[in-house]
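Not measured: the values here are computed from a predicted model.
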Amino acid sequence: MMVDASAPPTRRAVVPLRQGTIARRGSVFLSRHPRLRLSLLLGAPLFWLGLVYIAALAALLITALWTVDSFTGQISQTWTVDNIVAVLTGSLYQTVTLRTLGVALLVTIIDIVIALPIAFYMAKVASPRAQRILVIAILMPLWASYLVKAYAWRSVLSQGGIFEWLVSPFGGHSPGYGLPATIITLSYLWLPYVILPIYAGLERVPDSLLEASGDLGGGTWSTLRLVVLPMIWPAIIAGSIFSFSLSLGDYITVNIVGGANQMLGNLVYTNVGAANNLPLAAAIALVPILIIFAYLAAVRRTGALNNL
Amino acid sequence: MRLSRSARGLLAAITAVVLALIYLPLLVVFVNSFSTSQNLTWPPPGFTLGWWAKAFQSDGALDAVLTSLQVALASTAVALVLGTLISLGLQRFEFFGRDAISLLVILPIALPGIVTGIALNNAFRTGLGVQLSILTLIIAHATFCIVTVFNNVIARLRRLGTSLEDASSDLGAGIWTTFRLVTFPQLRSALFAGGLLAFALSFDEIIVTTFTAGSSVKTLPLWILDNLFRPNQAPVVNVIAVVLVLVSIIPIYFAQRIAGAEKVVR
């Protein structure tokens, strides 16, 4: 196409070209020194994360090696591995660790199983308009307070609550308060955090690939298994990090709907608060830290950490 | 792959059922906010607007909402700046230790809140010897909010590539001008989405908050925790939850519109 050179130029942002101003000289200097540019970019955030977060974590881990004077209640800085040995060998800690791990894994699996068909419907079946409404519908419950939602489940599952009311005509019973209620409530709370990354992952799968697979004779299941699943695997893992780690540290939901059951978070909480034994609490906190690190290390290769 | 009619129907049915399940507890909250019963009896014995009137006169609740707004706005602002800086650094440069830094950003959200909470509490009080206040709370919240901004911005940067920025500097624009006129406008919706998530995360956070807020600082979740188990206050809490969900439609709607306007054909 010919371009008419005499046509009036379209309006555009005019970039001032001034030589020698400080900003200009700084800009030239920076563009010649990429290392400096990098350190200016990363300086503040790394200072923040390193100083605020990593230093605090490190200090906490060191505290695990100290002990509490049983008379004064003060932390005495004598080095000992007693706390860590107690956590590793105590049957209470072992039971609670296994229970917490079981709950976190179950919640994660339930959430993924529920999220997959919904995310697929949203990304590949629904019309763009319905898609937008569905995303809003998934996002909105996130804004109802976490506590209110946990409490709502307490009400739903209570004796004479709506659950009992709904299922009793069919001979069903409310599970009451306990581990099943905890698992239901946690799955409910973290479900949007699992749906959203999987939905985003599915959106990035081009429809043309699905059509190509169909044209080459791939059935629905083999297309899902061989084309879709490998592409959204990082997104699934990303979602699982949320549900897994949020469940692993939770102690409030289990207080509200879990009856007398304790999770790792409860043990940490009691030791920080009522028992005033920060070193033991820090030693217990090591357990979820190690589990999460193992989990992150295991999933790092999938590229999931880029999909959170 | 062609989805059969029945497969589409099945997917739609599953989606409808799960959405119903998602909204069932919220419906209970909504109905209970009008119920004359204080202890969650179902079905509700009677209808009253009393809790709604009480909620809007409750100074404690309104103060708590304001405190939460302040904390969430301040930590979102910090997270926006730090998250953008760190994603520019990690996406535009290749250097040793890059993976370690991206892990570092994820860590505050990946580790359980109670770990983050007691670590920061310990560091503030015994390490630095400062009183817990609204400031320590904002610092703590900003730390785990960085990741949401980071994820949104770095995903956008990865998709954008550098050709427009290269063109801008070839045409004589300096670093600042390029950022202001080329990079930033393309990041805007990612910043909005990331900021919205950071805001929501901070607004609803309770565990880290328990350990890092000064005793005089009452955010909304802390206030709710105080009042949830009081028979006279629980329905007021329900009212506030309903209002929050309704108000949240506005920012979510705008985020969706911005994202929808920019969406490339799939």
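When only modelled atom types and interatomic distance are considered, B/Glu205 and B/Thr209 share a side-chain donor-acceptor pair under 3.5 Å.
With a 4.5 Å cut-off on non-hydrogen atoms, B/Ser169 does not touch chain A at all. Looking at B/Leu10, neither its backbone nor its side chain comes within 4.5 Å of chain A, counting heavy atoms on both sides. Of the two parts of A/Thr63, only the side chain, counted from C-beta on, holds a non-hydrogen atom closer than 4.5 Å to a non-hydrogen atom of chain B. Proximity to chain A involves both the backbone and the side chain of B/Leu107, based on heavy atoms less than 4.5 angstrom apart. Neither the backbone nor the side chain of A/Leu216 comes within contact range of chain B; no heavy atoms are under 4.5 Å apart. For chain A, no part of B/Ile240 is nearby; none of its heavy atoms comes within less than 4.5 Å. Contacts between A/Leu278 and chain B at a heavy-atom distance below 4.5 Å involve the side chain alone, from C-beta outward. For A/Leu134, the part lying near chain B is the side chain, with the backbone staying farther off; criterion is any non-hydrogen pair under 4.5 Å. Interface remark: A/Leu139 contributes backbone and side-chain atoms alike to the contact with chain B (heavy atom separation under 4.5 Å). Using a 4.5 Å cut-off between heavy atoms, B/Val115 contacts chain A through both its backbone and its side chain. Neither the backbone nor the side chain of B/Phe203 comes within contact range of chain A, judged by heavy atoms closer than 4.5 Å. For A/Leu147, the parts lying near chain B are the backbone and the side chain together; criterion is any non-hydrogen pair under 4.5 Å. With a threshold of 4.5 angstrom between heavy atoms, B/Val105 approaches chain A through its backbone and through its side chain. Contacts of A/Ile252 with chain B are made by side-chain atoms alone, with heavy-atom separations under 4.5 Å and no backbone atom involved. Both the backbone and the side chain of B/Ile86 come within contact range of chain A, with heavy atoms under 4.5 Å apart. Only the side chain of A/Leu191 comes within less than 4.5 Å of a heavy atom in chain B; its backbone stays farther off. Interface residue B/Leu196: backbone and side-chain heavy atoms are both found under 4.5 Å from chain A. Residue contact with chain A, scored on non-hydrogen atoms closer than 4.5 Å, involves the side chain of B/Ile146 exclusively.
In this pair, A/Tyr188 and A/Trp153 present their aromatic rings perpendicular. The plane angle is above 60°, beyond the 30 to 60° band. Between A/Tyr251 and A/Tyr269, the two ring planes are parallel [angle under 30°; tilted spans 30° to 60°].
Panel note: side chain B/Arg98, backbone B/Phe93; a donor-acceptor pair is recorded below 3.5 Å. The backbone N or O of B/Val245 lies less than 3.5 Å from a partner atom in the side chain of B/Ser248, making a donor-acceptor pair. Judged by distance alone, the side chain of A/Ser213 and the main-chain N or O of A/Leu209 form no donor-acceptor pair under 3.5 Å. The backbone N or O of A/Ile241 sits less than 3.5 Å from a side-chain atom of A/Ser245, completing a donor-acceptor pair.
Residues in residues 40-61 of chain A take part in these side-chain hydrogen bond (donor to acceptor under 3.5 Å, both in side chains) pairs, two or more places apart or across chains: A/Trp48-B/Thr143, A/Tyr53-B/Thr116.
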